[in-house]
Protein chains: 2
Amino acid sequence: MDLFVSKYINKIDKKGRVSLPSSFRNVLPKANRNEIILYKSIKTPSIEGCGVGRLKEIAKRINNLDFFSEDYDDFSTSIFSEIITTNIDKEGRFLIPEELKLYAGIKNEAAFFGQGHYFQIWEPKKGLKNTEDSRRRLLKEKKSLRMMLTQHK
Amino acid sequence: MDLFVSKYINKIDKKGRVSLPSSFRNVLPKANRNEIILYKSIKTPSIEGCGVGRLKEIAKRINNLDFFSEDYDDFSTSIFSEIITTNIDKEGRFLIPEELKLYAGIKNEAAFFGQGHYFQIWEPKKGLKNTEDSRRRLLKEKKSLRMMLTQHK
DNA sequence: CATATACCCATTGACGCCCATATAATCCCA
DNA sequence: TGGGATTATATGGGCGTCAATGGGTATATG
């Protein structure tokens, strides 16, 4: 599976280390399996992460915004200048920078949420609540959710 | 046959393993025959499952949404983080995650119901009752439908 | 030299792989 | 076509491996 899926809650030890879930590590390209990038989520108090290869895709997305819009500047500033690269040790653990932990309100536990081509790291309770909220929003528009899930072709 | 059809009731052993019915295994593509995805059914207290190919298609669809919209996040959270991938061992067995067993009320036995492009896993009694209920609903509708169509003057 | 971080080793529990058996399904040949 | 032989499926259990976690120590970096 080459997508970040499912959710995991891992502990952060005294040294600040936390295991990237094994299934997430396997999504990273064999070449750069010991490096990920992290940045603040724009829309939620969470951290987003992915392999370094994904950067190009993000750049493309931002490039597709209207160059003269405020959004363009805001997104490109918020994302690119805030990106932090982090190394993964032999045991599959990494350090979450203090600033990002503060932003997400993370202390002793980190909840990892698969998001397909990237993942989010939440303070566990906040993360679970966010999942519920977002499911509730979607259920209001049953049509669109069904559209996503049902078999086409 | 490349569809999930028929129903089976299998036992869950001490280790939590359960056999995916052989005919279901044969539906999975030879390439990814040792991996399936599971998720909570939206409308019923049951687990739905299918091969990973279906997931990749959903990923493609979500990826086509506006990257910066709220819908994008809602979909990717509700779908990717709720999906669980599980491996099928050499004997054709897999583990149902505890959270999903709770959701479906499954303990020692699991009932598999073919649904065409996907399948459902139920607590046996609930599953059989659901089958009866939905058949009853169908018959009722048919009756009123026939009434609509045949009652002239 | 002090703090942070990487590497090494250890522990525990979960999971995958292997082997075994019983029952059911299929085959094959006289 | 009957019936024994072979294969497949569902199920049970032993055991090695790996993932998550904890801690000691070396190394780097200012």
Side-chain angles (χ1 to χ4, degrees), chain A residues 1 4-28 30 32-38 49 52 84-102 106-114 119 121-124 127, chain B residues 1 4-28 30 32-38 49 52 84-102 106-114 119 121-124 127:
Chain A
M1 174 59 56
F4 299 103
V5 296
S6 195
K7 67 166 181 279
Y8 307 85
I9 299 181
N10 289 344
K11 291 177 184 172
I12 299 177
D13 69 19
K14 295 176 196 168
K15 298 181 177 180
R17 297 174 300 188
V18 62
S19 291
L20 185 68
S22 166
S23 81
F24 284 17
R25 298 201 293 269
N26 291 330
V27 177
L28 304 174
K30 328 87 212 138
N32 293 67
R33 189 152 284 187
N34 54 350
E35 195 178 15
I36 55 174
I37 66 174
L38 301 174
V52 293
I84 296 172
T85 71
T86 302
N87 292 329
I88 298 177
D89 72 16
K90 297 273 172 78
E91 283 75 34
R93 295 176 288 193
F94 67 101
L95 299 169
I96 305 178
E98 208 51 44
E99 185 192 350
L100 295 183
K101 276 201 274 190
L102 275 176
I106 290 172
K107 287 186 287 188
N108 301 315
E109 287 189 320
F112 293 82
F113 290 84
F119 57 88
I121 310 175
W122 287 77
E123 188 285 320
Chain B
M1 172 61 62
F4 299 105
V5 295
S6 192
K7 73 167 183 278
Y8 307 85
I9 298 182
N10 289 344
K11 290 179 186 173
I12 298 177
D13 69 18
K14 294 176 197 168
K15 295 182 176 181
R17 297 175 299 189
V18 62
S19 290
L20 184 69
S22 165
S23 81
F24 284 16
R25 298 201 294 269
N26 291 329
V27 177
L28 304 175
K30 327 85 212 138
N32 293 69
R33 187 151 286 187
N34 54 349
E35 199 177 24
I36 56 174
I37 66 174
L38 301 174
V52 295
I84 292 170
T85 69
T86 184
N87 293 327
I88 299 178
D89 71 16
K90 297 272 171 82
E91 283 75 34
R93 295 173 290 192
F94 67 100
L95 297 171
I96 305 178
E98 208 52 44
E99 185 190 350
L100 295 184
K101 277 200 274 191
L102 275 176
I106 290 172
K107 287 187 287 189
N108 301 316
E109 286 188 323
F112 294 81
F113 292 86
F119 58 88
I121 310 175
W122 286 76
E123 189 284 319

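Just so it is clear, the model here is predicted, and its values are computed rather than measured. Hydrogens, waters and symmetry mates are skipped; everything else that's a heavy atom, side chains included, is used. Naming convention: chains lettered A, B, ... in sequence-line order (proteins, then strands); numbering from 1 in each chain.
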For Lys7(B), does the NZ atom sit with more than 12 other heavy atoms under 6.0 Å from it, leaving out its own atoms?
-> no

Rounded to the nearest 0.5 Å, how far apart are CG of Asn34(A) and NZ of Lys90(A)?
-> 9.5 Å

Mind checking which nucleotides bracket the chain B contacts on DNA chain D, 5' to 3', with an atom under 4.0 Å from a heavy atom?
-> dT9(D) to dC15(D)

5' to 3', nucleotides 15-26 of chain C under a 4.0 Å protein heavy-atom cut-off (B base, S sugar-phosphate only, - none) gives SBBBB-------

One would report the end-axis bend of the helix from dC1(C)-dG30(D) to dA30(C)-dT1(D), five pairs per end and rounded to 10 degrees, as 50°

Please answer whether the main-chain N or O of Arg33(B) pairs with a side-chain N or O of Arg25(B) as donor and acceptor at a distance below 3.5 Å.
-> no

Is Ser22(B) touching bases, backbone alone, or none of the nucleic acid, heavy atoms closer than 4.0 Å?
-> sugar-phosphate

Those residues that, when tested against Glu99(A), pass salt bridge (Lys or Arg N to Asp or Glu O under 4.0 Å) (two or more places apart) = Lys40(A)

Taking only residues two or more places apart in sequence or in another chain, which ones pass ring-ring contact (aromatic ring centres under 6.0 Å, His included) with Phe119(A)?
-> Phe4(A), Phe24(A)

Heavy atoms, side chains only, cut-off 4.5 Å: are Arg93(B) and Leu20(B) in contact?
-> no

What pairs with Glu109(B) under salt bridge (Lys or Arg N to Asp or Glu O under 4.0 Å), at least two apart in sequence or on another chain?
-> none

So, the side chain of Ser19(B) versus the backbone of Gly92(B): is there a donor-acceptor pair under 3.5 Å, distance only?
-> no

Separation between CD1 (Ile88(B)) and CD1 (Ile36(B)), nearest 0.5 Å, reads 4.5 Å

With the side chain counted from C-beta on, respond yes when Leu100(A) and Ile121(A) share a heavy-atom pair under 4.5 Å apart, and no when they do not.
-> no

Which part of the nucleic acid, if any, lies within reach of Leu20(A) when heavy atoms closer than 4.0 Å are counted: base, sugar-phosphate only, or nothing?
-> sugar-phosphate

